[in-house]
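To start, the structure under review is shown below, and the notes come after it.
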Amino acid sequence: MFFKRIALIIAVEDEAKPIIEGLGLSHKGKLLSPLPMEFYEGRHNSLNIDLVTSGKCDRFNVDNVGPQAAILNTATTIGRLQPDLIINPGTAGGFVSVGASIGDVYLSYPMICYHDRRIPIPGFDAYGIGSYYCFDTRGIAEEFGLKTGIISTGSSLDYTDKDLELIKSYGGVVKEMEAASIAWVADLYKIPFFAVKSITDLVDNFTPTEEEYLRNLTSASMALSREVVRIIKYFAQ
Ligand code: ADE
């Protein structure tokens with residue numbers, strides 16, 4: 001498939017930095033003032049590459065992580081830049097029970113769901129889970145030896161028993177905080193979308209998620225950057 005303009009949408013600045021360096025992108029300032037999104041751009045052969053982070057929250061001085069900022073970022077990026085493919089690189093939790101290890105990189109396929117939008121009313125229950133289909137990443141996964149799986153999005157770094165029950169019910173293998181929101185907006189505009197997620201922590205072990213996440217953030221971000229750069233070069237051929 002031939003794409004001319006790819007947008008990379010990323011929540012966490014520390015996860016974006018190695019990708020920005022790896023692709024040689026330049027910082028262009030805020031995507032649309034007064035919104036906090038930071039815009040970077042570059043080219044590879046004839047492919048335009050835009051990267052937009054969700055920026056910092058002024059009030060709490062942290063990255064704008066989670067579903068709300070991801071929706072605002074995606075809608076603004078589409079409005080301003082009109083990409084023909086959207087990719088969401090990031091880090092995530094994996095599951096020992098399905099053979100995940102720290103530093104594994106997964107591509108979303110076949111879909112992305114929400115695990116903490118529980119609305120037990122007929123019709124709304126399925127709407128809450130979302131089940132957004134994404135770009136068929138199986139060829140790329142095979143080319144680069146990456147895993148594929150159902151990604152599950154929620155607003156929290158930790159989890160409740162109910163979250164885990166729901167993730168298990170639809171066969172989710174990656175837990176993170178943005179992909180389903182980006183998938184929703186991309187689907188509204190019929191723009192193909194997929195997520196690339198590097199595993200920083202294992203949800204079903206006994207170490208607190210935040211400890212494992214912080215310990216492995218740098219190495220997982222390097223693994224993420226390596227694969228994203230390869231994927232971009234694959235589309236730029
Ligand atoms: N980002 C990295 N690890 C995560 C986890 N376990 N849950 C949600 N977001 C994450």
Side-chain angles (χ1 to χ4, degrees), residues 8-19 53-57 60 62-71 73-74 87-108 111-118 128-130 132 134 146-184 193-228:
L8 301 166
I9 295 194
I10 305 185
V12 176
E13 192 182 330
D14 283 345
E15 298 173 12
K17 267 186 201 152
I19 299 173
T53 68
S54 293
K56 298 276 176 203
C57 170
F60 299 102
V62 294
D63 298 286
N64 282 311
V65 297
Q68 293 87 349
I71 285 178
N73 185 339
T74 311
I87 303 176
N88 166 228
T91 62
F95 292 82
V96 179
S97 57
V98 295
S101 306
I102 305 292
D104 280 356
V105 176
Y106 282 80
L107 303 182
S108 57
M111 61 182 185
I112 305 172
C113 301
Y114 280 114
H115 56 254
D116 64 358
R117 296 203 312 176
R118 294 180 297 277
I129 292 171
Y132 308 103
C134 58
L146 303 175
K147 298 183 174 184
T148 57
I150 293 174
I151 297 198
S152 192
T153 300
S155 294
S156 302
L157 187 67
D158 67 1
Y159 57 86
T160 64
D161 288 347
K162 201 76 192 163
D163 293 334
L164 289 192
E165 202 181 289
L166 217 55
I167 293 171
K168 205 169 170 193
S169 74
Y170 49 70
V173 296
V174 172
K175 175 179 172 287
E176 55 76 79
M177 298 173 68
E178 286 88 20
S181 293
I182 300 169
W184 176 59
F193 166 75
F194 69 94
V196 187
K197 298 284 162 173
S198 178
I199 302 302
T200 45
D201 52 270
L202 298 164
V203 177
D204 51 350
N205 70 6
F206 296 102
T207 316
T209 301
E210 59 278 17
E211 239 177 65
E212 252 188 331
Y213 171 77
L214 292 171
R215 190 183 330 129
N216 297 314
L217 178 59
T218 305
S219 60
S221 299
M222 294 313 290
L224 177 67
S225 158
R226 186 184 63 230
E227 300 308 336
V228 170

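Just so you know, these numbers come straight off a predicted model, no measurement behind them. Sequence positions, counted from 1, serve as the residue numbers for this chain. Both ligands and their constituent atoms are indexed starting at 1 by order of listing.
Taking a heavy-atom cut-off of under 4.0 Å, ligand 1 is surrounded by T91, A92, G93, S156, L157, K175, E176, M177, T200, D201, T209, Y213.
At a threshold of 4.0 Å, the pair K162-E165 counts as salt-bridged, since one of the basic side-chain nitrogens sits closer than that to a carboxylate oxygen. Between D163 and R118, at least one side-chain N (NZ, or NE/NH1/NH2) sits under 4.0 Å from a carboxylate O, which counts as a salt bridge.
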Under the side-chain hydrogen bond (donor to acceptor under 3.5 Å, both in side chains) rule, what do E13 and T53 come out as? Steps first, then yes or no, please. CA-CA 7 Å; E13 192 182 330; T53 68; over 6 Å; no
Go through the steps for I10 and I19 under the test side chain to side chain contact (heavy atoms under 4.5 Å, CB included), then give the verdict. CA-CA 10 Å; I10 305 185; I19 299 173; 3.8 Å; yes
Stepwise, does the side-chain hydrogen bond (donor to acceptor under 3.5 Å, both in side chains) test hold for T209 with Y159? CA-CA 9 Å; T209 301; Y159 57 86; over 6 Å; no
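With 3.5 Å as the limit, one finds no donor-acceptor pair spanning the side chains of E178 and N73.
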